[in-house]
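Letters A, B, ... mirror the listed sequences (proteins, then strands); counts begin at 1.
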Number of protein chains: 2
Amino acid sequence: MKLLKEKILADGRARGSNILKVDSFLNHQLDIKLLNEIGKEFRARFQEEKVDKILTIEASGIGIASIASQYFEYVPVVFAKKTDSLNIDKEVYESQVHSFTKNKDYNVIVGKRFLSQGENVLIIDDFLANGCAAVGLINIVKQAGANVVGVGIVIEKGFQNGRKEIEKLDVKVESLAIIEKMEEGKIYFK
Amino acid sequence: MKLLKEKILADGRARGSNILKVDSFLNHQLDIKLLNEIGKEFRARFQEEKVDKILTIEASGIGIASIASQYFEYVPVVFAKKTDSLNIDKEVYESQVHSFTKNKDYNVIVGKRFLSQGENVLIIDDFLANGCAAVGLINIVKQAGANVVGVGIVIEKGFQNGRKEIEKLDVKVESLAIIEKMEEGKIYFK
């Protein structure tokens, strides 16, 4: 997606070879016009698919998924919540996710009422790196007996394993910008 | 706002006299059509005001603020982040907030780059109860030398002190639904 890549080059900041700061438009301050273009592009990438619901994860995924829903006939958006503690509540689906950034495990939960058997669920998130969060969300959708129609990612770190981990589960991944490598202050797209 | 009140009566769940669960449309699963009507209503309530930026707080405020921005000429949305630890980063504005729900203090931070002197900032959040979060956000806007044009709230618990705390600071509050009282399973609006 050309507009997104231009925005990343203009306003993203590569910190070393692994950290990309996009907090001026994607995950602290949000550029709502850009999010609309991103939503349209997700619709185009998944135009063959029937989508009943969009699933994302707090916090950065929420704005992206909410705007995107408008291009998918306003389907409901559900955001998974992160929690440090195991949830004894039987009314939630739960999946453990490892965060490499914070070097700890956390749990991701979704209320059982918000995912139903047979529903077609599109997963949307801001970043794909090692794929832990996306795999956790896929796991939750499967627990509900629902179908994952695909994973839509805004920015993929193409030099990490996330795509492989998702494709192993036979799930389609669409990333709007794939970064091949980064050096201090420089970003190269695939 | 009639549509919102109808939705609260239909799908909200009063748990005792203080807890209102609206997770099927406002803060776990999101009804994006409803959020659009909410965004329009915020625009109407603040139509006299010049708004340069919308400030909210993770996680539940993000979807509401993102959709609302579309009715405010797509102004940028900034969401404050919650953190347990004091932040030694000099690049953030910070405010301490007490959570009565969790009975603990947490810190709310916003990157200094995302609030500028003289900017007109509309604060949006899902709930107003004791007002701690809103007062924390107002505090942050003032640290930046920016102006708070008002606080827009989806659901106000009118039986708590939040409105008074905000109005003490000479800030206008607009709530789209004000709950006068609750009993187990019953909700009364003002």
Q: Do the side chains of A/I123 and A/I109 join up, straight or via other hydrophobic residues, at under 4.5 Å, putting them in one cluster?
A: no
Q: What option among B/V75, B/I67, B/D31 has the most heavy-atom pairs under 4.5 Å with chain A?
A: B/I67
Q: Using heavy atoms and a sub-4.5 Å threshold, report which of residues 9-23 of chain A line up against chain B, by residue number.
A: A/R13, A/D23
Q: Same cluster or not: B/V121 versus B/I57, using hydrophobic residues (I, L, V, M, F, W, Y) connected whenever any side-chain heavy atoms lie under 4.5 Å apart?
A: yes
Q: Looking only at non-hydrogen atoms, find the nearest pair between A/N36 and B/Q70 and report the distance.
A: ND2-NE2, 3.1 Å
Q: Treating Ile, Leu, Val, Met, Phe, Trp and Tyr as nodes and any side-chain heavy-atom pair under 4.5 angstrom as an edge, say whether B/I62 and A/V78 lie in one connected cluster.
A: no
Q: Do you know which two heavy atoms are closest between A/L30 and B/S66, and how far apart they sit?
A: CD1-OG, 3.5 Å
Q: Side-chain heavy atoms under 4.5 angstrom apart, residues restricted to Ile, Leu, Val, Met, Phe, Trp, Tyr: same cluster for A/I8 and A/I124?
A: yes
Q: Provide the closest heavy-atom pair for A/S69 versus B/I32 in the form atom of the first, atom of the second, distance.
A: OG-CG1, 3.2 Å
Q: With no hydrogens and no angle check, is any side-chain donor or acceptor of A/H28 less than 3.5 Å from a backbone partner on B/F79?
A: yes
Q: Decide whether A/Q29 and B/K53 meet the rule of one side-chain donor and one side-chain acceptor closer than 3.5 Å.
A: yes
Q: Transitively linked via ILVMFWY side-chain contacts under 4.5 Å: A/L169 with A/V97?
A: yes
